[in-house]
Amino acid sequence: IKEKLGCMSDKPVSFVFHGGSGSSTEDIQYAIKAGVIKMNIDTDTQWAFWDGMNQYQKKNVDYLQAQIGNPQGPEKPNKKYYDPRMALRSGEEAMAARLVKAMQDL
């Protein structure tokens, strides 16, 4: 490409790494050296979000069976556990951690 276009740059074309999710760090580094300037990781971030919510459910399963009653007592409320914002927050935190890892890999 460099020769055909008569460019001075060693990387005359900017590439997008479609389907970067699940790629090894080595493959990512190789792609960057080859001229990749953008990498799509939507699948990885979606999985991280889902996994964060799933881990929240597994961790709090005994508090997510009814509105009232849990291991702390039959009359103890569970509102703070089944509030959907709690599971969503766990998803957000997991996705943010995945993005940090992506930035470190890049």
Side-chain angles (χ1 to χ4, degrees):
I1 295 173
K2 177 182 174 180
E3 185 179 307
K4 185 169 182 155
L5 295 177
C7 297
M8 299 298 288
S9 173
D10 286 335
K11 297 177 186 172
V13 178
S14 299
F15 295 104
V16 175
F17 190 166
H18 291 278
S21 291
S23 298
S24 69
T25 303
E26 294 79 23
D27 286 346
I28 293 168
Q29 293 299 321
Y30 177 79
I32 291 168
K33 288 176 185 168
V36 167
I37 61 164
K38 179 181 181 250
M39 186 175 87
N40 296 335
I41 58 166
D42 186 51
T43 301
D44 279 356
T45 56
Q46 287 180 8
W47 180 260
F49 191 92
W50 156 247
D51 194 47
M53 290 180 32
N54 192 32
Q55 293 304 316
Y56 176 85
Q57 186 275 333
K58 287 178 180 179
K59 177 182 171 187
N60 296 295
V61 68
D62 292 336
Y63 298 87
L64 298 171
Q65 303 306 308
Q67 290 180 335
I68 298 174
N70 60 51
Q72 296 175 357
E75 301 299 320
K76 296 289 185 176
N78 297 315
K79 185 173 174 75
K80 69 179 181 179
Y81 296 99
Y82 67 77
D83 181 339
R85 293 171 292 188
M86 300 300 291
L88 290 171
R89 180 66 182 154
S90 293
E92 291 170 346
E93 290 169 351
M95 187 169 77
R98 177 59 184 97
L99 290 172
V100 168
K101 182 177 182 334
M103 295 302 111
Q104 291 168 342
D105 290 347
L106 297 173

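All values below come from the heavy atoms of this structure, side chains included, with hydrogens, waters and symmetry mates left out. Note that the structure is predicted; figures quoted are calculated from it, not measured.
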**Request:** Step by step, work out the side chain to side chain contact (heavy atoms under 4.5 Å, CB included) result for Y82 and Q67.
**Result:** CA-CA 8 Å; Y82 67 77; Q67 290 180 335; 3.7 Å; yes

Within-4.5 Å side-chain heavy-atom neighbours: [X] and [Y]:
X: T25; Y: K101; result: yes
X: Y63; Y: Q72; result: yes
X: E26; Y: Q29; result: no
X: F17; Y: S23; result: yes

Out of curiosity, [X] [atom1] to [Y] [atom2], how far, rounded to the nearest 0.5 Å?
X: Y56; Y: R89; atom1: OH; atom2: CZ; value: 13.0 Å
X: R85; Y: D83; atom1: CZ; atom2: CG; value: 4.0 Å
X: D44; Y: R98; atom1: CG; atom2: CZ; value: 4.0 Å
X: M53; Y: E92; atom1: CE; atom2: CD; value: 10.0 Å
X: I32; Y: K38; atom1: CD1; atom2: NZ; value: 14.0 Å
X: I41; Y: L99; atom1: CD1; atom2: CG; value: 5.5 Å

**Message:** Are F15 and M39 connected into the same hydrophobic cluster when the rule is that any two of I, L, V, M, F, W, Y join if their side-chain heavy atoms are below 4.5 Å apart?
**Reply:** yes

**Request:** Spell out, yes or no, whether I37 and M103 are grouped together once hydrophobic residues are joined by side-chain heavy atoms under 4.5 Å, including indirect joins.
**Result:** no

Heavy-atom closest pair, residues [X] and [Y]:
X: L64; Y: Y81; result: CD2-O, 3.4 Å
X: G52; Y: A94; result: CA-CB, 3.7 Å
X: K80; Y: M86; result: O-CG, 3.0 Å

**Prompt:** Can any side-chain N or O of N78 pair as donor or acceptor with the backbone N or O of A66 at less than 3.5 Å?
**Reply:** yes

**Asked** What do you reckon, is NZ of K2 surrounded by more than 12 foreign heavy atoms closer than 6.0 Å?
**Response** yes

**Item:** Evaluation steps, side chain to side chain contact (heavy atoms under 4.5 Å, CB included), between N40 and V16
**Value:** CA-CA 8 Å; N40 296 335; V16 175; 4.0 Å; yes

